[in-house]
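Data block below; observations after.
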Protein chains: 2
Amino acid sequence: MPKHAAALNRMFTALADPTRRAMVERLARGPASVSELARPLPMSLPAVVQHLQVLEESGLVASEKVGRVRTCRIEPGALGVAQDWLAQQHAHWTARFDRLDAYLTETKDDDDTPQ
Amino acid sequence: MPKHAAALNRMFTALADPTRRAMVERLARGPASVSELARPLPMSLPAVVQHLQVLEESGLVASEKVGRVRTCRIEPGALGVAQDWLAQQHAHWTARFDRLDAYLTETKDDDDTPQ
DNA sequence: CGAATACTTAAGCATATGCCTAAGCATGCC
DNA sequence: GGCATGCTTAGGCATATGCTTAAGTATTCG
């Protein structure tokens, strides 16, 4: 429903894969080249590059090629999109419980257990 | 790397689909039956039930059947798993920038450029 | 009882995803 | 130049995902 649904799709899809989360965790600690990123991962380099593409399309990661080495880094603002959505849902059901609580408080001394 | 990698997989996979996010958004505003959940969605009821299964396996949603109607509700704590992971990554690259900043501050009045 | 309601189960299908191997480019170094 | 390094491209394949229709099974109600 929000117009950035596509952005959320790409974001959560990117984070849904453990390999890609490992890459994000690695990059959260500092930039890395593609082969540095690939080194600990139990798969071929092309596979890693494909994951990297997903991460870049999600906006979570950016990269720049200098000479023959591509250096990747976290894109700081991007995580916020996901965090905002989660926080908003949290806020909504919190608000709901507040209303429920208010309702119960309002009606509680009138009678006994609201069965 | 964290031992709850599987939980994160299921969580982010569940949230990666716009239909499932719509269902979560609906449930964040209060419980609903399966057909209530399905009503606004442009697909068959079995398809909705499949999405619901994914949401249940992720722990985001719980449901209980009474008579012939299954009532679904948000599982409050679950979102926290995703939020925690995001917050942790955020913390890590923030910490990194702090260290970088400290390093630059520490070396700035001394003399030359590092290296 | 019999029909409507509310799911459930099963099977199938089209497309997407995650991986691989094998070649292909550039770039940097001797 | 010639060769290693670092990534890229291309093709293919196995499995997973998102949906469908059709045919169940339980409840509830007149």
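Letters go in sequence order (proteins before strands), and every chain restarts at 1.
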All side chain to side chain donor-acceptor pair (under 3.5 Å) counterparts of B:D84, not counting sequence neighbours: none
Protein-nucleotide distance (B:E57, atom CD; D:dG18, atom P), rounded to Å: 12 Å
Pairs meeting criterion salt bridge (Lys or Arg N to Asp or Glu O under 4.0 Å) with involvement of residues 51-79 of chain B, two or more places apart: B:R73-B:E75
Side chain to side chain donor-acceptor pair (under 3.5 Å) partners for B:Q88, two or more places apart: none
Nucleotide D:dT17, atom C1' - distance to CZ of B:R10 in whole Å: 17 Å
DNA chain C: 5'-most and 3'-most nucleotides touching chain B, 4.0 angstrom heavy-atom criterion: C:dA4 to C:dT9
A:L37 CG to A:M23 CE distance, which is reported to the nearest 0.5 Å: 4.0 Å
B:R26 side chain to B:E36 backbone, donor-acceptor under 3.5 Å: no
Those residues that, when tested against B:P46, pass side chain to side chain contact (heavy atoms under 4.5 Å, CB included) (two or more places apart): B:S44
Minimum side-chain heavy-atom gap A:L60-A:L15 below 4.5 Å: yes
Under 3.5 Å, N/O pairs linking protein and nucleotides 21-29 of chain D:
residue	atom	partner	partner atom	Å
D:dT27	O2	B:R68	NH1	2.8

Candidates B:L41, B:V61, B:D17 - the one meeting side chain to side chain contact (heavy atoms under 4.5 Å, CB included) with B:H51: B:D17
For atom CD of A:Q50 and atom P of D:dT9, their distance in whole Å: 11 Å
